[in-house]
There are 2 protein chains.
Amino acid sequence: MRRTSFAESECPIANSLELVGEWWSMLILRDAFDGHTRFDDFQRSLGIAPNMLTRRLAALVDAGLLEKRPYQQRPPRYEYVLTARGRDFRPVLLALYAWGDRHLTAEGRNLVLVDRATGEEVSPVLVDRATGRPLNEIDAVFTAGPDAGPRMRDRYRVEPG
Amino acid sequence: MRRTSFAESECPIANSLELVGEWWSMLILRDAFDGHTRFDDFQRSLGIAPNMLTRRLAALVDAGLLEKRPYQQRPPRYEYVLTARGRDFRPVLLALYAWGDRHLTAEGRNLVLVDRATGEEVSPVLVDRATGRPLNEIDAVFTAGPDAGPRMRDRYRVEPG
DNA sequence: CAGTATCCTGTCCGATACTG
DNA sequence: CAGTATCGGACAGGATACTG
């Protein structure tokens, strides 16, 4: 997508989407979290065309979410593993999973998140780190930050209580 | 995207992406959370072409995230407001925001999430609803659910401890 | 103002064939 | 096995003109 408007380039959501917004990117990340690391591995799991996989993998490496590292010399072979930045992306996928799980129940529940240690189901909720309060109980709004440009300030001006 | 492979159609993440995976969809939702409701409103904010806005709006209405409702009779005019299902999508956007805010700091912080009541910054973290434990401290894995098909079971078989 | 209708381009993506 | 190269189609998305 071409970012013509201000709202996209200065917004962290839009910027994130810029890196992982393509269809396959998040699905590749999902697979990475499931432990997949190799080209063929991803390809079989996703049913993605090889050229697309090459592109998306390269893009994710470029964006710093995946690291391409050799696991064998001759012939040169690489595996793709999550970087710290990539692992930190997990909440997005979990939020997406949780939403789909709650609302797209047409075909039943075919994927459940569990704690491997206890076997108990894990149900992800967003809370405020400081207070522990669930975010849906907070009237949380975006406001212009310290480095916001004029348009951003205009759009997100602080309107108290 | 055409969903040829199993992994897409049976996975809640993929299914969610199917509804909101296009570039503009999530940005439109972001704007909806920021209080935008009207066509022109979205268009100015996003800098999106009108035909695309029509398409994406219709898709979101179709997917049940937005409701199109008349606010004036002659000429007929509509506003687009979040449904319950749409409002429940917010954690995804907040997770995306949080990730971008942490990792895409090139241009500084220009958007901050605050509690409107207190003015304090809110920092969204994912925790387990039952135990309150942060998800990054849990070894959480996906497993095949009760309604999973054979391929899903094969891929996500339960491997204890 | 709130859209609809057309036309055009870019590119995402799939299919297939090929290589060390 | 792990990709690269090439081809073609579908559609997202932009630009612009038009309407009540």
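Chain naming here is simple, since letters A, B, ... match the order of the sequence lines and numbering starts at 1 in each. Side chains are part of it too, since the values below use all heavy atoms of this structure and drop only hydrogens, waters and symmetry mates.
Less than 6.0 angstrom separates the ring centroid of B:Tyr97 from the ring centroid of A:Phe142.
The side chain of B:Tyr80 has C:dG3 as its nearest neighbour among C:dG3, C:dA2, C:dC12. Listed nucleotides C:dG20, D:dT4, C:dA2 differ in distance to A:Phe39; the shortest reach to its side chain belongs to D:dT4. Of the candidate nucleotides D:dG3, C:dC13, D:dA12, D:dG3 has the atom nearest to the side chain of A:Tyr78. Among the nucleotides D:dG13, C:dA17, C:dA2, the one closest to any side-chain atom of B:Trp24 is D:dG13. In the set C:dA5, C:dA17, D:dG14, C:dA17 carries the atom at the smallest distance from any side-chain atom of A:Pro50. The side chain of B:Ala49 lies closest to D:dG14 when the candidates are D:dA2, D:dG13, D:dG14. Checked against D:dG13, C:dA2, D:dG3, the side chain of B:Arg55 finds its nearest nucleotide in D:dG13. Listed nucleotides D:dA17, D:dG13, C:dC12 differ in distance to A:Trp23; the shortest reach to its side chain belongs to C:dC12.
The CZ-C1' distance, from A:Arg77 to D:dG3, rounds to 7 Å in whole Å. Per the geometry, CD belonging to A:Gln43 stands 13 Å off P belonging to C:dT16, to the nearest Å. The interatomic distance linking A:Arg56 (CZ) with C:dT11 (P) rounds to 11 Å, in whole Å. When rounded to the nearest whole Å, the span between CD of A:Glu22 and P of C:dG14 equals 12 Å. In this structure, the CD1 atom of A:Ile48 is 14 Å from the C1' atom of D:dA2, given to the nearest Å. Atoms CG (A:Leu53) and C1' (D:dC1) sit 13 Å apart, rounded to a whole Å.
Scanning atom types as modelled, no donor and acceptor separated by under 3.5 angstrom connect the side chain of A:Asp40 and the base of D:dG3. If you check distances only, the side chain of B:Asn51 does reach the base of D:dG14 with a donor-acceptor pair under 3.5 Å.
With respect to the salt-bridge test (charged N to carboxylate O, under 4.0 angstrom), the residues A:Arg85 and A:Glu67 do not qualify. Using a 4.0 Å cut-off between charged side-chain N and carboxylate O, A:Arg155 and B:Asp31 make a salt bridge.
At a threshold of 4.0 angstrom between heavy atoms, the contacts of B:Phe42 with the nucleic acid are absent.
Mapped onto DNA chain C by nearest heavy atom, B:Arg38 and A:Pro75 fall at different nucleotides, with B:Arg38 at the one closer to the 5' end.
A tilted orientation is assigned to the rings of A:Phe42 and A:His36, their planes being inclined by 30° to 60°.
For the pair B:Lys68 and B:Tyr78, the cation sits on the ring face: its NZ or CZ lies under 6.0 Å from the ring centre, inside 45° of the axis.
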